[in-house]
Amino acid sequence: MRLSKLFSQTLREAPAEAEISSHQLLVRAGFIRQLAAGIFSYLPLAKRALTKIENIMRDEMNAIGGQEITMPVVHPAELWQESERWYAIGSEMGRFKDKNNRDMVLAMTHEEVVADLVRRDVHSYRQLPRLIYHIQTKWRDDPRPRAGLIRVREFTMKDSYSLDADWDGLDKQYRAHYQAYFNIFHLCGVEVIAVKSDVGMMGGKLAHEYMYLTPIGEDTLLLCDACGYAANRQIARFQKTAPVSEQPLQLEKVATPETKTIAALADFLQIPQSKTAKAVFMVAKISEGQDTAQKLVFAILRGDMELNETKLANALVANELRPAHDEEIISVGAVPGYASPVGIPGDAVGRSEQTPLPLVVVVDDLIPQSPNLVAGANEDGFHLRNVNYGRDYQAQIVADIAAAQDGDSCPDCGGVLHTQRGVEVGNIFKLGTRFAEPMGCTYTDKDGVERPVIMGSYGIGSGRLLACIAEEHHDEHGLIWPVTVAPYHVHLVALAGKGSDQVQQEAESIYAELEAAGLEVLYDDREESPGVKFNDADLIGLPVRLTVSGRALEQGGVEFKRRDQADKRILPRAEIVQQVKAEIASLMKEIQEKLVEVSFAD
RNA sequence: CGGGGCGUAGCGCAGACCGGUAGCGCACCGCGUUUGGGACGCGGGGGUCGGCGGUUCAAGUCCGCCCGCCCCGACCA
């Protein structure tokens with residue numbers, strides 16, 4: 001490809017809104033252009049890199065028995081109503097009506113369509129197991145797209161769906177993906193760790209997320225160096241230190257003016273925060289079939305702990321959770337800043353605007369073991385000493401709802417947990433019968449018994465992966481593509497001044513030779529100064545740079561430089577093709593060697 | 001959805017407080033010089049100043065409403 005003909009242009013300065021390196025560099029190097037918030041065009045260089053990423057995914061999927069298909073981007077709403085996700089998912093789902101006024105859905109993912117295909121075509125155990133996958137555009141109207149390609153609304157994803165007759169089969173396909181995904185990320189030059197994750201809107205039994213560790217990541221992970229425990233903060237467990245047991249003492253009201261926070265309370269009473277109870281009010285939407293009930297949630301934790309909303313939502317089986325307004329808190333008889341469940345009837349009903357809201361009290365599982373806590377008195381300016389769970393109040397739900405924090409103890413080995421940020425570049429889910437049951441995907445087994453198909457679903461976003469590669473592989477001058485995903489392998493720079501036809505002719509013939517040898521070459525044939533050409537080469541970041549110049553020709557060849565190394569050397573004119581091929585092969589080998597068997601951590 | 005910021009040429013920005021002919025750098029086009037790390041000279045093109053409404057003799061500038069984009073939070077297969 002001649003740079004003079006390429007549809008894109010490098011920029012000296014990145015748009016002001018680009019903050020992270022991958023975003024700035026991909027824009028400056030002419031890979032991507034933004035159309036709207038979270039919606040991007042991919043120019044030729046990006047398209048070529050994406051195609052390589054996707055082909056790596058194809059190879060690995062095919063290697064574990066995958067068969068590529070394509071499923072639609074537009075789905076009839078009925079399918080999503082059958083799975084009930086039409087009701088469970090809010091504004092994130094793109095909905096519109098067709099010309100006949102029928103509700104339609106823009107695909108966020110394809111479990112429903114897979115289920116529909118399966119129930120139409122799969123009837124016998126002889127048709128299982130199967131693995132199908134596709135690479136398709138999805139739409140998720142994310143409340144806040146950000147960080148360039150890391151978090152977008154329209155994106156392309158490779159997703160695969162495993163279909164099995166039994167749970168052992170699912171386990172096999174799950175483990176096959178577990179390893180295949182490590183292979184894909186290693187081949188793309190991105191180190192990841194697999195962490196257990198929340199199953200979220202997918203439902204299902206077990207899920208792992210593949211996290212690329214980076215400070216710009218939006219997920220917080222808890223990692224244990226001692227035993228390797230790794231989990232998304234959303235579900236991370238930790239060992240709670242059991243408090244020293246005490247005889248329950250008598251309730252005692254104490255005046256605590258202007259102490260509406262736990263910190264202020266502990267300070268005022270000169271007690272540790274662990275001797276206080278914290279009340280957090282949320283409003284949960286809980287779907288009951290096609291109806292959605294709202295409940296006012298009164299969550300109680302020890303004062304030294306933070307609420308983990310995902311754990312709370314899971315304990316409630318809620319699809320949505322938001323902080324309660326003060327009026328809603330007051331409507332059940334509690335006082336914001338001085339609230340506690342003591343004296344609030346368990347069947348209390350509050351009001352949100354005009355709607356009655358049933359109350360549900362949830363306490364963290366450490367609370368019943370923690371005696372004589374200080375909690376609010378539901379009276380402005382007063383707290384209660386010696387509040388004891390069971391004696392003074394009851395909860396409908398006792399569960400682990402506390403967030404793990406830096407320095408907490410590892411749930412598996414007791415070691416110290418630390419937090420790190422990461423970007424989720426892929427995930428694998430054991431769906432089980434989450435979609436097969438409601439959508440009627442059944443097959444007949446050997447004994448003539450009808451059984452549900454057991455499903456798994458596995459996704460990798462290709463654009464996000466591209467961004468993570470760029471994030472990982474760059475320096476102050478520009479991108480540094482791993483050879484496996486580089487849009488081209490060789491950046492051929494011709495430094496031909498006017499009146500130096502010889503350099504131009506040599507460059508042209510070297511370009512032709514490289515192309516003829518099957519090498520992928522980006523040839524800078526523009527009339528630009530050397531500085532511009534070198535800077536653009538560094539910015540675009542192809543693995544190998546060849547410079548044809550009068551100086552190099554005098555030394556008998558062309559100058560060779562790897563983008564990831566500083567040193568340069570002259571390749572003899574006659575050996576250019578052969579040596580470049582050898583270099584590319586050795587770069588490929590460097591990456592191939594990173595492929596390792598990763599032990600499966602359940 | 002809450003908090004904050006920003007919309008002036010393709011990109012980066014000035015002009016706005018204090019209303020009076022819309023500017024600078026880069027990029028782009030032409031000619032010439034230059035060619036190993038973002039060259040130089042001369043000439044040139046490109047703007048509904050995010051939109052609508054208001055105030056005014058006069059609005060990029062003042063007022064109101066709306067839209068878009070970015071950041072923090074909420075949310076998130």
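So that the names make sense, note that chain A is the first sequence line, chain B the second, and so on, each numbered from 1. Values in this document were obtained by computation on a predicted structure and should not be read as measured data.
- With B/C75, B/G37, B/A27 as the candidates, the nucleotide lying closest to the side chain of A/Gln9 is B/A27.
- Separating the C1' atom of B/G60 from that of B/A16 is a span of 7 Å, rounded to the nearest Å.
- Rounding to whole angstrom units, CD of residue A/Gln555 and C1' of B/G36 are separated by 11 Å.
- Projected onto RNA chain B by closest heavy-atom contact, A/Ala36 and A/Phe534 fall at different nucleotides, the more 5' of which corresponds to A/Phe534.
- B/C28 and B/G10 have their P atoms separated by 14 Å, given to the nearest Å.
- Across the strands present, B/G20 finds its partner in B/C57; the criterion is a Watson-Crick or G-U wobble pair with both atom distances under 3.5 angstrom.
- A/Glu218 comes within 4.0 angstrom of nothing in the nucleic acid, heavy atoms only.
- With rounding to whole Å, A/Asn535 atom CG is found 19 Å from B/U35 atom P.
- No salt bridge links A/Arg146 with A/Glu19; every basic N to acidic carboxylate O contact stays at or beyond 4.0 Å.
- A/Ala537 comes within 4.0 angstrom of no nucleic acid atom, judged by non-hydrogen atoms across all strands.
- How far CG of A/Asp164 is from CD of A/Gln173: 4.5 Å, rounded to the nearest 0.5 Å.
- Counting only heavy atoms from C-beta on, A/Val532 has its side chain closest to B/A39 among B/A39, B/C71, B/C69.
- Nucleotides B/U56 and B/A14 have their P atoms positioned 32 Å apart, rounded to a whole Å.
- Under the salt bridge (charged side-chain N to carboxylate O under 4.0 Å, His left out) criterion, A/Arg233 pairs with no residue, sequence neighbours left out.
- Residue whose closest nucleotide on RNA chain B sits further toward the 5' end, between A/Gly531 and A/Met282: A/Gly531.
- As a whole-Å value, the separation of A/Leu312 CG from B/A74 P is 15 Å.
- When heavy atoms are screened at a 4.0 angstrom cut-off, A/Glu559 is found touching base atoms of the nucleic acid.
- Using the Watson-Crick or G-U wobble rule with both distances under 3.5 Å, B/A14 pairs with nothing in any strand shown.
- For A/Glu527 and B/C31, the CD to P distance is 10 Å, given to the nearest whole Å.
- For B/G7, the paired nucleotide is B/C67, the pair qualifying as Watson-Crick or G-U wobble because both relevant distances are below 3.5 Å.
- No contact: A/Arg526 has no heavy atom under 4.0 Å from any strand.
- Nucleic acid contact for A/Asp159: none, since no nucleic acid atom lies under 4.0 Å from a heavy atom of the residue.
- At a threshold of 4.0 angstrom between heavy atoms, the contacts of A/Ala552 include nucleobase atoms, whether or not backbone atoms are also involved.
- Rounded to the nearest Å, the gap between the P atom of B/G37 and that of B/G32 is 25 Å.
- In this structure, A/Glu92 atom CD and B/C75 atom C1' are separated by 8 Å, rounded to whole Å.
- Going from atom CD1 of A/Ile540 over to atom C1' of B/G37 covers 15 Å, rounded to whole Å.
- For B/A39, one of the phosphate oxygens OP1 or OP2 lies less than 4.0 angstrom from a side-chain nitrogen or oxygen of A/Ser529.
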Show me the protein contacts with nucleotides 5-12 of chain B, counting only N or O atoms at under 3.5 Å.
unit_1, atom_1, unit_2, atom_2, d
B/C11, O2', A/Glu13, O, 3.0
B/G12, OP1, A/Ala16, N, 2.5
B/G12, O4', A/Glu13, OE1, 3.4
B/G12, O2', A/Glu13, OE2, 3.0

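- Taking atom P on both nucleotides, B/G50 is separated from B/G7 by 8 Å, rounded to a whole Å.
- Using a cut-off of 4.0 Å between Lys/Arg side-chain N and Asp/Glu carboxylate O, A/Asp171 and A/Lys430 are scored as salt-bridged.
- Salt bridge status for A/Lys561 with A/Glu583: absent, with no side-chain N to carboxylate O gap under 4.0 Å.
- Using a 4.0 Å cut-off, some side-chain N or O of A/Arg144 falls inside it from OP1 or OP2 of B/C72.
- Rounded to whole Å, atom C1' of B/G38 lies 14 Å from atom CG of A/Leu495.
- With P as the reference atom, B/C24 and B/C6 are 25 Å apart, rounded to whole Å.
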Step-by-step side-chain contact (heavy atoms from CB on, under 4.5 Å) determination, A/Leu542 to A/Arg563: CA-CA 7 Å; A/Leu542 303 182; A/Arg563 177 64 179 87; over 6 Å; no
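- A 3.5 Å limit on both hydrogen-bonding distances identifies B/A39 as the Watson-Crick or G-U partner of B/U33.
- With both ends at atom C1', the span from B/G46 to B/A22 equals 13 Å, rounded to whole Å.
- A cation-pi contact links A/Arg569 to A/Phe560, judged by a cut-off of 6.0 Å to the six-membered ring centre and 45° from its axis.
- B/G73 is paired with B/C1 under the criterion used here, namely a Watson-Crick or G-U wobble arrangement in which both key atom distances are under 3.5 Å.
- A distance of 6.0 Å or more separates the ring centres of A/Tyr458 and A/Phe429.
- The same atom, P, is picked in B/G19 and in B/C75; the two are 47 Å apart, to the nearest Å.
- For the atom pair OG of A/Ser462 and OH of A/Tyr42, the computed distance is 7.5 Å after rounding to the nearest 0.5 Å.
- Rounded to an integer number of Å, the gap from CG of A/Asp142 to C1' of B/C75 is 8 Å.
- Comment: A/Asp141 engages A/Arg153 in a salt bridge, judged by a side-chain N to carboxylate O separation of less than 4.0 angstrom.
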